[in-house]
Amino acid sequence: MVFENIFPERFDSAGPTRHTADVNQRAQQGNRVSTVLGRKLGNELLRLRDAVGRTQQQAAGALSATATKVVKMERGWVPIRDPDVRALCDFYGVEDPALVASLLNLARLDRERRKARGWWQHLPNSGSLSEYIAMEDAASHVRTWQLACIPGLLQTAEYARALVAGEGAWEDPDEIERMVDVRLQRQRRLRDESPLQVYAVVWEAALRQLIGGPQVMRAQLAHLLEVAALPTVRLQVLPFQAGAHACAGSSFTIIGFAAEEAADVVHSDTIGSTVWVENEDDSSRYRIFFDRTARQALAPNDSLALIDGLREEL
């Protein structure tokens, strides 16, 4: 199975923790994709510094730099050169060559990601959307749990148009069409040379909500049947009859990367803010809860049968 290694069958039990941040401030600090690896590297350097009881000022002295530079490095705001990584490892007494090599590789990957530029960079007034698309573009796989609507990667143009118009954030028809085009461009990852692997679990309510009316919804359900046939898409429906479940609180998407050094990142939008969870321990808890809910959901074949039945009712 395509998802066999990406979506393990079981996880240890734990509860989710949310980390919030000022998205706009983060966006000004560099390419959001690169900071996934940048923060990972910065956290490792911070851990090594704390382990030997050194201050940021002392670390700055070892680099002949300012403490501000060390702060930016440890927070993943700037790329880190190989000489700086080696100098800090020497200063912190790191003698394991494998650890040093791992940090150097992480720094290289981060620098490469920072140079990447995508079509989403030119999106006007898109707020945190550009950040999310940059993450998704660099990802190898995503798990998404949706309470109220079909996942964006699986939407038809008509459904997306009705959804965007209904949200009320964009009133200009041209802006609405631009947002629909963005959604369709994202979907190209499902069929490109290095396809994005998608595991979606959707609550039955999202399938019954008549976004755009019966005709639009019927076409959307038919589209789900088609896209679910792709080898890298797994779609399950959590039926009403499943009762209480672990993910009743909110929708979220877990973004995974091919690079072993990059931990999963969790994204969730609320009405007034965007939530990112980047800590590896915390993101793993979301995987646990996603997995619990997926086990309560219908099997893929049964999910498609339910979708087809709803389509025929329309």
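Since this is a predicted model, take the numbers as computed values, not measurements. In what follows, residues are counted from 1 in the order of the sequence shown.
- Judged by distance alone, the side chain of Trp145 and the main-chain N or O of Phe289 form no donor-acceptor pair under 3.5 Å.
- Applying the salt bridge (charged side-chain N to carboxylate O under 4.0 Å, His left out) rule to pairs touching residues 41-65 yields Glu44-Arg47, Arg49-Glu74, sequence neighbours excluded.
- Within the structure, the salt bridge (charged side-chain N to carboxylate O under 4.0 Å, His left out) test picks out no pair touching residues 90-102 (sequence neighbours left out).
- Side-chain atoms of Gln209 do not come within 3.5 Å of backbone N or O of Ala148 as any donor-acceptor pair.
- Between Leu298 and Ser303, the shortest heavy-atom distance links the atoms O-OG, 3.1 Å.
- Remark: side-chain polar atoms of Arg234 are not paired, donor with acceptor, to backbone N or O of Pro300 under 3.5 angstrom.
- Proximity of His141 to Val198: side-chain heavy atoms (C-beta onward) are nowhere separated by under 4.5 Å.
- Considering all non-hydrogen atoms of both residues, Ala200 and Pro151 come closest at CB-CG, 4.1 Å.
- Linking Ile, Leu, Val, Met, Phe, Trp and Tyr whenever their side-chain heavy atoms come within less than 4.5 Å leaves Trp77 and Leu46 in two separate clusters.
- The shortest distance between side-chain heavy atoms of Met73 and Leu88 falls below 4.5 Å.
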- Message: Working note: Asp264 + Arg143, criterion salt bridge (Lys or Arg N to Asp or Glu O under 4.0 Å); need CA distance, chi angles, decisive distance, verdict.
- Response: CA-CA 10 Å; Asp264 288 349; Arg143 305 172 179 88; 3.6 Å; yes
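- With hydrogens and angles disregarded, no donor-acceptor distance shorter than 3.5 Å links the side chain of Thr232 to the backbone of Pro195.
- With Gln220 contributing its side chain and Ala157 its backbone, the two residues share no donor-acceptor pair below 3.5 Å.
- Taking both residues in full, the closest heavy atoms of Tyr92 and Leu48 are given as CD1-CB, 3.7 Å, listed atom of the first, atom of the second, then distance.
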- Message: Met217 vs Leu221, test: side-chain contact (heavy atoms from CB on, under 4.5 Å). Steps then yes/no.
- Response: CA-CA 6 Å; Met217 201 64 205; Leu221 295 177; 4.2 Å; yes
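- Other residues, nucleotides and ligands contribute more than 12 heavy atoms inside 6.0 Å of the CD atom of Glu312.
- Asp110 contributes no side-chain N or O that, together with a main-chain N or O of Leu106, makes up a donor-acceptor pair within less than 3.5 Å.
- Here Arg183 pairs with nothing under the salt bridge (charged side-chain N to carboxylate O under 4.0 Å, His left out) rule; sequence neighbours left out.
- Taking the side-chain hydrogen bond (donor to acceptor under 3.5 Å, both in side chains) definition, one finds that Asp302 meets it with nothing, sequence neighbours left out.
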Side-chain donor-acceptor distances from residues 162-169 under 3.5 Å, at least two apart:
none

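- Closest approach of Asp82 and Ala107 over heavy atoms only: OD1-CB, 4.3 Å.
- Using a 4.5 Å heavy-atom cutoff, the side chains of Ile255 and Tyr132 are in contact.
- Transitive grouping of hydrophobic side chains (ILVMFWY, heavy atoms separated by less than 4.5 Å) brings Val100 and Leu41 into a common cluster.
- Placement of Leu225 and Leu230 within a single hydrophobic cluster is found when ILVMFWY residues are connected by side-chain heavy-atom separations under 4.5 Å, directly or transitively.
- In plain terms, the two heavy atoms of Arg111 and Ile80 that are nearest each other are NH1-O, 2.7 Å.
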N/O donor to acceptor pairs below 3.5 angstrom from side-chain atoms of residues 62-72, sequence neighbours left out:
| residue | atom | partner | partner atom | Å |
| --- | --- | --- | --- | --- |
| Thr66 | OG1 | Lys69 | N | 3.3 |
| Lys69 | NZ | Asp84 | OD2 | 3.1 |

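- Of the possible donor and acceptor atoms, none in the side chain of Arg292 sits under 3.5 Å from a partner among the backbone N and O of Cys247.
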- Message: The test is side-chain contact (heavy atoms from CB on, under 4.5 Å); show your working for Thr253 and Gln146 and say whether it passes.
- Response: CA-CA 8 Å; Thr253 298; Gln146 295 297 325; 4.1 Å; yes
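- You'll find the side chain of Arg285 stays beyond 4.5 Å of the side chain of Val277, heavy atoms only.
- A heavy-atom distance below 4.5 Å is found between the side chains of Leu210 and Leu314.
- Residues Leu153 and Leu196 meet the side-chain proximity criterion, which asks for heavy atoms closer than 4.5 Å.
- Shown here are the side-chain hydrogen bond (donor to acceptor under 3.5 Å, both in side chains) partners of Gln185, two or more places apart in sequence or in another chain: there are none.
- For Arg186, the salt bridge (charged side-chain N to carboxylate O under 4.0 Å, His left out) partners two or more places apart in sequence, or in a different chain, are Glu136.
- Legend: residues meeting salt bridge (charged side-chain N to carboxylate O under 4.0 Å, His left out) with Asp181, ordered by chain and number and at least two apart, are absent.
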- Apply side-chain contact (heavy atoms from CB on, under 4.5 Å) to Glu313 and Arg208, showing your working. CA-CA 10 Å; Glu313 289 178 10; Arg208 292 185 176 275; 4.1 Å; yes
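- Remark: Glu158 pairs with no residue by the salt bridge (charged side-chain N to carboxylate O under 4.0 Å, His left out) rule, at least two apart or across chains.
- Residues Ile176 and Arg178 have side chains not in contact (no heavy-atom distance under 4.5 Å, counting atoms from C-beta outward).
- The aromatic ring centres of Tyr199 and Phe290 sit less than 6.0 Å apart.
- Rounding to the nearest 0.5 Å gives a distance of 13.5 Å between CE of Met179 and CG of Asp174.
- Rounded to the nearest 0.5 angstrom, Cys89 SG and Leu104 CG are separated by 6.5 Å.
- Taking CG of Asp308 as the start and CG of Leu224 as the end, the distance is 11.0 Å to the nearest 0.5 Å.
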- Begin with the C-alpha distance, continue with both residues' side-chain angles, and end with the deciding distance and a verdict on side-chain contact (heavy atoms from CB on, under 4.5 Å) for Ile254 and Arg287. CA-CA 7 Å; Ile254 305 170; Arg287 294 198 301 270; 3.9 Å; yes
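- Checking side-chain atoms of Ser283 against main-chain N and O of Val266 turns up no donor-acceptor pair under 3.5 Å.
- Nearest heavy atoms, Gln236 versus Ala297: NE2-CB, 3.8 Å.
- Between Phe240 and Trp203, the gap from one ring centroid to the other is short of 6.0 Å.
- Remark: Glu177 CD is packed, more than 12 non-hydrogen atoms of other residues, nucleotides or ligands lying under 6.0 Å away.
- Side chains of Leu238 and Glu204 form no contact here, defined as non-hydrogen atoms less than 4.5 Å apart.
- With sequence neighbours left out, the side chain to side chain contact (heavy atoms under 4.5 Å, CB included) criterion links Asp281 to Asn279.
- By the side chain to side chain contact (heavy atoms under 4.5 Å, CB included) test, Ala51 is found to be paired with no residue, residues two or more places apart in sequence or in another chain being considered.
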